[in-house]
Amino acid sequence: MTPQDREEMEKRQKSRNLVLGGTLLFFVVLFYAITIVRIGD
Amino acid sequence: MTTGVTTPAAPASAQALPADWRDFYALTKPGVLRLVIFTGLCGLLAAPGSIHPVIGFTAILAIAMGAGGAAVLNQWWEADIDAKMKRTADRPLPTGRIQRVDARDFGIGLSGASVMIMGVAVGWLAAAILAVSIVYYAVIYTMWLKPRTPQNIVIGGGAGAFPPMIGWVAVTGDVTLMPVLLFAIIFFWTPPHFWALALFVKMDYSNAGIPMMPVVAGEKSTRRQIIAYSALMVPLSVSPWFIGGAGAIYGIAALALTLAFFALSLPVGLRESVEGDAMKPEKRLFAYSIVYLFALFGVLVVDRFAAAQGWIG
């Protein structure tokens with residue numbers, strides 16, 4: 001693997017981790033909101 | 001399970017690198033998702049009753065995730081066919097930017113999660129219809145009908161017709177005639193919409209061995225059927241007005257929009273293409289059919305909003 005490939009791989013891994021983390025955070029907030037709404041019912 | 005095909009060899013550099021998240025996003029067919037989200041939202045907004053904004057948002061999210069998951073499974077199964085067609089050859093799977101097994105797992109995960117979220121947060125009837133729509137598209141249409149019959153689009157069109165019904169059921173919790181009519185409108189809209197496209201990309205389908213109507217039954221038969229389905233759309237599109245599910249704003253707009261649809265189908269249905277044909281009437285009908293569906297469902301929401309405000313009966 002060339003240094004350019006390694007750099008590209010690390011860039012992709014970082015962006016994937018960020019997107020995955022953001023998605024998980026989004027679902028945590030969403031399920032919290034759903035729970036609050038359902039308790040209110 | 002095997003699809004009986006092999007994924008085209010990817011460039012060495014593409015195989016060594018992990019897939020970019022944008023490639024996973026592209027697998028969900030974001031262009032199609034826009035129409036799915038819009039019609040699902042319209043079904044939700046037009047339904048009688050109310051839904052908490054958070055639950056409504058979750059319902060639309062689940063519809064989008066389910067449609068996205070089904071689209072991923074569709075591309076996982078058809079990677080070899082996509083590689084043969086100019087229109088789809090640069091998708092993430094044919095180019096090797098994503099491994100086939102990763103796409104399959106992503107599609108199953110997204111589909112399963114969408115049904116669970118819909119069931120837990122919104123309701124299990126809406127979740128059951130969502131599950132049926134995913135199986136309908138990914139299995140019945142993609143794996144079974146599409147490679148076997150030129151009627152694939154007619155029957156498979158049902159897959160895209162579910163979102164407004166699911167949006168409606170998310171609010172009301174039951175299936176009545178109105179969501180069935182919304183389903184039927186998209187069901188009968190799909191063949192003329194898709195065959196208009198198939199007419200100007202006929203060679204692509206022919207090369208890929210897909211029995212699309214223009215390839216199997218010929219152009220003449222396809223063109224006649226486009227007129228027939230477009231004519232059927234006229235009474236069907238105004239039927240929500242007749243049964244009292246929508247008011248005059250919707251009824252008059254639906255009639256005008258669908259008559260225009262029918263008028264545009266006539267030059268497509270009554271002509272024959274020649275060598276080097278630019279296929280302008282077909283491209284015009286295809287473009288209008290997309291605008292038509294957005295406008296028809298948009299005006300339904302406007303109509304129901306006006307009724308809720310007491311502006312119309």
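Quick caveat: nothing in here was measured; it's all calculated off a predicted structure. Within every chain, numbering begins at 1; the chains are lettered A, B, ... in the order of the sequence lines, protein sequences first and strands thereafter. The figures here come from the full heavy-atom set of this structure, side chains too, leaving out hydrogens, waters and symmetry mates.
B/F57 is listed as a side-chain neighbour of A/L30, based on a closest heavy-atom distance under 4.5 Å. A 4.5 Å side-chain heavy-atom check between A/V19 and B/F24 finds every atom pair outside the cut-off.
The distance from atom CG of B/D23 to atom CZ of A/R16, rounded to the nearest 0.5 Å, is 9.5 Å. To the nearest 0.5 angstrom, B/T58 atom OG1 is 9.0 Å from A/F27 atom CZ.
Crowding of A/Y32 atom OH: a count of heavy atoms from other residues, nucleotides or ligands under 6.0 Å not exceeding 12. The environment of CZ in B/F294 is crowded: more than 12 heavy-atom neighbours from other residues, nucleotides or ligands sit within 6.0 Å. The number of heavy-atom neighbours closer than 6.0 Å to CD of B/Q309, taken from other residues, nucleotides and ligands shown, is above 12.
Looking at A/R12, its side chain never comes within 3.5 Å of a backbone N or O of B/W21 through a donor-acceptor pair. At distances below 3.5 Å, at least one donor-acceptor pair connects side-chain atoms of A/R38 with backbone N or O atoms of B/A121.
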